[in-house]
Amino acid sequence: MLSPIILSICITTYNRGNFIIQTLDSLLPQLSPSVELIVVDGCSPDNTEEVMRAYVANHPEVKYYREQENSGIDKDYDKAVGYAHGQYCWLMTDDDLVKPSALSTILTKLNGINDLVVVNAEVATVDFSKILDSKLIKLDANQHYTEHDGDRFMADAGHGLSFIGCVIIKRELWLAREREAYYGSLFIHVGVIFQQPLLTEIALISKPLISIRYGNAMWTPRGLEIWLIKWPNLIWSFEGYSTRSKTSVCPNDYVKKLKRLVFYRATGAYTYTEFRRFLAPQSSWFKCLGYLLIALFPAKLMNILASIYCALINKSMRMAMYSLDNSKYQNPASRWASRLVGV
């Protein structure tokens with residue numbers, strides 16, 4: 001008799017033929033008869049189909065679905081869960097790496113009781129040569145949450161859950177909750193997790209089991225829109241959570257927003273165009289003045305100043321420093337600062 005499928009690893013991909021190979025190779029040696037691997041391809045025009053056909057031919061546990069059109073990341077993950085047969089679905093990414101023995105650790109948590117299992121991750125450079133952040137979720141011990149711990153769970157894991165690869169969820173629960181309302185949000189999984197009613201049993205694995213390839217996301221060019229508009233709007237839309245817990249995930253603070261804009265200006269992601277499109281229509285004249293001054297500040301000089309700040313004042317900002325030194329405004333100061341902080 002065939003073993004029942006406990007876990008479906010659901011990957012959606014688009015134009016990642018050169019990256020998904022490494023992801024699959026990190027997963028396949030760990031698969032067991034109770035695990036299937038599903039890849040939904042959003043009609044990639046690159047060599048993704050060729051790559052996946054080769055894997056399917058050699059690995060019957062790999063299921064490949066090539067869509068007729070690109071429906072966007074949210075709908076494609078929803079489709080992947082629909083294609084799955086497992087009791088649980090791991091919403092894995094298409095360019096990151098799974099650490100050895102990660103699956104065996106995860107399977108111990110898939111007991112039929114937990115609605116959701118959250119997996120921690122480390123953040124690395126694009127080539128995985130250096131670690132930028134040893135833990136995405138800053139917890140030293142495994143955690144358990146019930147429906148009475150909604151605020152604690154959001155405060156602990158909300159920021160980390162912006163990375164979809166952290167999410168392993170019961171398939172029947174996913175299918176029973178509202179999903180279409182979150183198409184286009186880029187964070188359908190967050191919408192499913194934090195909507196009402198609260199989940200009753202959640203396990204969090206504090207040990208990083210995934211290595212994230214930082215700076216390689218398809219949406220990187222839209223970073224300002226996503227992290228200053230879409231993400232805050234989503235987090236603050238959830239009912240049943242305290243202002244404190246939402247603030248811990250996404251501070252609604254003017255000064256902190258200015259700091260974020262300085263970083264985006266220094267990397268070239270914030271210009272007068274973004275100011276006019278995203279910030280001016282929804283801000284008071286006083287706030288707009290600050291936003292406008294940053295948008296008009298010379299970007300290369302901003303990069304130099306931000307790099308010096310990272311190097312001499314806040315060396316913990318390794319991901320920010322990595323972005324500064326890999327932006328179009330890279331300069332001798334950013335290269336010096338990058339070496340100083342070890343990225």
Side-chain angles (χ1 to χ4, degrees), residues 2-42 44 46-66 73 76-77 79-110 114 116-128 131 136 160-161 163-171 174 189 203 205 207-214 216-218:
L2 296 176
S3 299
I5 302 299
I6 296 174
L7 177 64
S8 298
I9 303 172
C10 299
I11 297 175
T12 70
T13 190
Y14 182 74
N15 275 4
R16 295 302 184 94
N18 294 330
F19 293 107
I20 198 170
I21 292 172
Q22 286 183 280
T23 301
L24 295 176
D25 287 347
S26 73
L27 281 165
L28 287 170
Q30 302 184 46
L31 297 191
S32 66
S34 63
V35 180
E36 66 175 357
L37 199 160
I38 291 171
V39 177
V40 173
D41 176 6
S44 299
D46 69 349
N47 66 331
T48 297
E49 182 174 16
E50 179 183 352
V51 169
M52 288 309 308
R53 296 298 181 195
Y55 274 96
V56 170
N58 294 303
H59 300 278
E61 64 272 40
V62 176
K63 311 295 192 301
Y64 174 61
Y65 299 88
R66 180 173 173 83
I73 188 170
D76 280 353
Y77 270 112
K79 289 178 181 179
V81 174
Y83 292 138
H85 299 90
Q87 183 181 12
Y88 289 87
C89 291
W90 183 2
L91 308 181
M92 185 55 194
T93 48
D94 62 356
D95 63 336
D96 302 311
L97 302 183
V98 176
K99 288 182 170 289
S101 303
L103 268 178
S104 61
T105 301
I106 288 167
L107 287 170
T108 64
K109 300 293 184 180
L110 308 186
N114 289 320
L116 173 72
V117 176
V118 178
V119 177
N120 211 347
E122 65 184 16
V123 184
T125 55
V126 168
D127 60 0
F128 297 108
I131 302 300
L136 187 62
L161 285 169
F163 172 61
I164 197 169
C166 288
V167 176
I168 303 167
I169 191 167
K170 268 188 177 178
R171 182 175 181 270
W174 175 279
H189 59 293
I205 301 172
K207 179 182 178 181
L209 300 181
I210 307 169
S211 290
I212 299 173
R213 193 192 298 263
Y214 180 70
N216 198 49
M218 298 291 288

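Computed from heavy atoms alone, side chains included, the values below leave out hydrogens, waters and symmetry copies.
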Nearest 0.5 Å, what's the SG-CD1 distance between C10 and I38?
5.0 Å
Could you check whether any side-chain heavy atom of I73 comes within less than 4.5 Å of a side-chain heavy atom of I164, counting everything from C-beta outward?
no
So side chain to side chain donor-acceptor pair (under 3.5 Å) across residues 100-110, not counting sequence neighbours, yields none
Minimal non-hydrogen separation, R16 against D46, with atom names:
N-OD2, 3.3 Å
Looking at A121 and F163, what are the two nearest heavy atoms and their distance?
CB-CE2, 4.2 Å
Polar contact flag, side-chain donor to acceptor under 3.5 angstrom, T12-D76
no
To check you understand the geometry: which heavy-atom pair defines the closest contact between C166 and G160, and what is its length?
SG-O, 3.7 Å
Of all heavy-atom pairs between Q30 and K99, which one has the smallest distance, and what is that distance?
NE2-O, 2.9 Å
Evaluate V39 against V56 for side chain to side chain contact (heavy atoms under 4.5 Å, CB included), listing each step before the verdict.
CA-CA 10 Å; V39 177; V56 170; over 6 Å; no
Looking only at heavy atoms, which two atoms of D96 and F128 are closest? And how far apart?
CA-CZ, 4.3 Å
Residues in side-chain hydrogen bond (donor to acceptor under 3.5 Å, both in side chains) contact with R171, at least two apart in sequence or another chain
none
Could you tell me if the side chain of V51 sits less than 4.5 Å from the side chain of I21, heavy atoms only?
yes
Hey, mind stepping through V98 and M92 against side chain to side chain contact (heavy atoms under 4.5 Å, CB included) and telling me if it holds?
CA-CA 9 Å; V98 176; M92 185 55 194; 3.6 Å; yes
If the condition is side-chain hydrogen bond (donor to acceptor under 3.5 Å, both in side chains), which residues does S34 pass it with, not counting sequence neighbours?
S32
Quick check against the 3.5 Å criterion: does H189 have a side-chain atom that pairs as donor or acceptor with the backbone of L161?
yes
Nearest 0.5 Å, what's the NZ-CD distance between K63 and E61?
7.5 Å
Heavy-atom check, side chain of L31 versus side chain of I9, under 4.5 Å:
yes
Just wondering, do V167 and Y77 contact through their side chains at under 4.5 Å, heavy atoms?
no
I20 side chain near Y55 side chain, heavy-atom distance below 4.5 Å:
no
Evaluate the side-chain proximity of L27 to I11: yes if any heavy-atom separation is below 4.5 Å, no if none is.
yes
Closest non-hydrogen atoms of R213 and V126, given as atom of the first, atom of the second and distance, are NH1-O, 2.9 Å
If only atom types and distance count, is the side chain of N120 paired as donor or acceptor with the main-chain N or O of K207 below 3.5 Å?
no
Donor-acceptor under 3.5 Å (Y214 side chain, I131 main chain):
no
Distance check, rounded to the nearest 0.5 Å: Q87 atom CD versus S8 atom OG?
10.5 Å
What's the spacing between I212 CD1 and T125 OG1 if we round to 0.5 Å?
12.5 Å
Should L107 and V35 count as side-chain neighbours, where that means a heavy-atom distance under 4.5 Å?
yes
Do N114 and I168 come close enough that some side-chain heavy atom pair is under 4.5 Å?
no
To the nearest 0.5 Å, tell me how far F19 CZ sits from T48 OG1.
11.0 Å
Give, for atom CH2 of W90 and atom CD1 of I210, the distance between the pair rounded to the nearest 0.5 Å.
5.0 Å
